Number of protein chains: 2
Amino acid sequence: MARIQKHVGVELRFERPLVTVDVIIFTVLDEQLHVLLVQRPETRGEPFPGRWALPGGFIDVGQDRDLLQCARRKLKAKTGVSSPYLEQLGSWGSADRDPRGWSATHAYFALAPIGHLELRVESQEDGTFLPTMWAPVDEALGMSLAFDHGEILQAAVERLRGKVEYTSLPAFLLPEPMTLPQLQHVYEVVLGRALDKSAFRRRMLDAGFLEEAGTVSMGGRVAQGFRLRDRREPTVFPRSFKAAE
Amino acid sequence: MARIQKHVGVELRFERPLVTVDVIIFTVLDEQLHVLLVQRPETRGEPFPGRWALPGGFIDVGQDRDLLQCARRKLKAKTGVSSPYLEQLGSWGSADRDPRGWSATHAYFALAPIGHLELRVESQEDGTFLPTMWAPVDEALGMSLAFDHGEILQAAVERLRGKVEYTSLPAFLLPEPMTLPQLQHVYEVVLGRALDKSAFRRRMLDAGFLEEAGTVSMGGRVAQGFRLRDRREPTVFPRSFKAAE
DNA sequence: TCAATAGTGTCTATAAGACAATATACC
DNA sequence: GGTATATTGTCTTATAGACACTATTGA
């Protein structure tokens, strides 16, 4: 058929790049922002053997209907979490980021609630396993990751820190019910600086993205528990935390 | 029909998707935000024949070193502009967005100064030409574009309108030297609402991204001309224009 | 002088920062 | 009561909105 011939034509003119999806999964552990890393296999022919990398891999055109679904599949395979906050970060593609050829990756970033995580070792098709770990982001950034994953992680951290200044994103890093002191603590960990208690509470409550949900005791006075009204999208505040320089 | 590759296992296991880059090029004409569209060829076998689409196409792994360079190449081919503001918008990939197979596109959006534009008709390899036009975005959004370009354009317009609330982006839509009344007018066109003159001027001047550059006469009092200090990145304002509902 | 456009001054409103004060829990 | 944590109150500050006012150019 002419149509099919023409399609073949397109494919002959343009060599197809490799296409992958990578996921940057953040959580807060031990007062620090952490990111999930997976060790590259030592198998012959695999690029960057033994190096740490972001979890991800090739799109399976038979299994993945779209990019987001592919990202969710990879996220679930690594953490067991099926519905955390997930947003597209961007794409990186070039002739030299993968020694196997011209490749493009679609990066997504995810925020996983602390304590809701059961790490799963990566199972390879050949029956081997790949080590997985939570690395503090500041360490991970100095680690010389596989591919251009250092650059991608850098962009993810900048995006997260940037958005934390004016959105409710950190709420996705906490299990429910959460308290305002807990939430403030997560903000402070991600931003790397202290925030004023009073201003923080006003801001969160005025934004209206929380609803009351029981009480939580943490050793002193019992705290009000809260739940997110919307688990899909963060709330945008009218101003940034740090107004001026 | 898997293509024979010299590289190992990976490529035998995973069929490669089609990879393209599309560019959303905005400008302001006749008091309205416009976007550049290209008509799809009528050639047999081409998808969406005769429909309007965003300019773009396949990555040429021989010619394009990376995604950004590919976007710049396509931008220059259509408008002749070589260094406008260009940022990545996101990527769209799925099994059904292109009838030729699983495909992923990397979308970039560009802001081109009014008056610096010479439209070039798209020259095909077979010697034919493709019609090109500036369409008002509101019309383009109702047009049923090729592929998922309607959805991509929608995202681009939302991103632009969103960023215009708290960045100096509209300055990239004006040639230099520009005046504050001109800049305010572009803001108003993009946002679709009027802004207060006094507050606008304070905000722009306090942000410090403009430097004086001669004077410009527009029929009444002579206006101060300005130039951008940095043609690469917009300035982010500490607050949004519309603080509250 | 008038029309048209550019630019300024001043008051108010909103929300953030600083920081002191009060409230509730458990021992 | 004492300690630890949660919550509130009040004053100041930064910047946006409203809107009236002044300034400069050309016909």
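Computed from a predicted structure; not experimentally measured.
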_Student check: side-chain heavy atoms of A/V35 and A/L153 closer than 4.5 Å_ = yes
*Give the minimum heavy-atom separation between A/R239 and A/Y166, together with the two atoms involved.*
O-CB, 3.9 Å
*Give the ring-plane orientation class for B/F200 versus B/Y187, where under 30° counts as parallel, over 60° as perpendicular and anything between as tilted.*
perpendicular
*Grab the CE-P distance between A/M204 and D/dT8 for me, whole Å please.*
15 Å
Output one line per pair: protein atom, nucleotide atom from nucleotides 9-13 of chain D, and distance, for all N/O pairs under 3.5 Å.
from	atom 1	to	atom 2	distance (Å)
D/dG9	O6	A/S198	OG	2.3

*Rounded to whole angstroms, how far apart are CG on B/D206 and C1' on D/dA16?*
11 Å
_Rounded to whole Å, how long is the line connecting atom CD of B/Q184 with atom P of C/dT8?_
13 Å
For residues 206-214 of chain B, run the donor-acceptor check on the side chains, cut-off 3.5 Å, and write out each pair with its distance to 0.1 Å, sequence neighbours left out.
from	atom 1	to	atom 2	distance (Å)
B/E211	OE1	B/R229	NH1	3.2
B/E211	OE2	B/R227	NE	3.3

Under 3.5 Å, N/O pairs linking protein and nucleotides 1-6 of chain C:
from	atom 1	to	atom 2	distance (Å)
C/dA6	N3	B/R221	NH1	3.0

_What I'd like to find out is whether the side chain of A/L54 reaches to under 4.5 Å of the side chain of A/K74, using heavy atoms alone._
no
*Write down the distance between CG (B/L191) and P (D/dG17), rounded to a whole number of angstrom.*
11 Å
*Roughly how many Å is it from CZ in B/F200 to C1' in D/dA16, rounded to a whole number?*
13 Å
*Going by the angle between their ring planes, with limits at 30° and 60°, are A/F26 and A/F109 parallel, tilted or perpendicular?*
perpendicular
*Let me know the distance between OH of B/Y187 and C1' of D/dG17, rounded to the nearest Å.*
17 Å
*Roughly, in whole Å, what's the span from CZ in B/F237 to C1' in D/dA16?*
12 Å
*Rounding to a whole Å, what distance do you find between A/E165:CD and C/dA16:C1'?*
13 Å
*A/S94 versus A/R97: any side-chain heavy-atom pair under 4.5 Å?*
yes
*Does a salt bridge link B/K163 with B/E87, judged by any charged N lying under 4.0 Å from a carboxylate O?*
yes
_Is there, by distance only and without an angle test, a donor paired with an acceptor across the side chain of A/R203 and the base of C/dA15 below 3.5 Å?_
no
*Is any side-chain N of the basic residue among B/E188 and B/K197 closer than 4.0 Å to the acidic one's carboxylate O?*
no
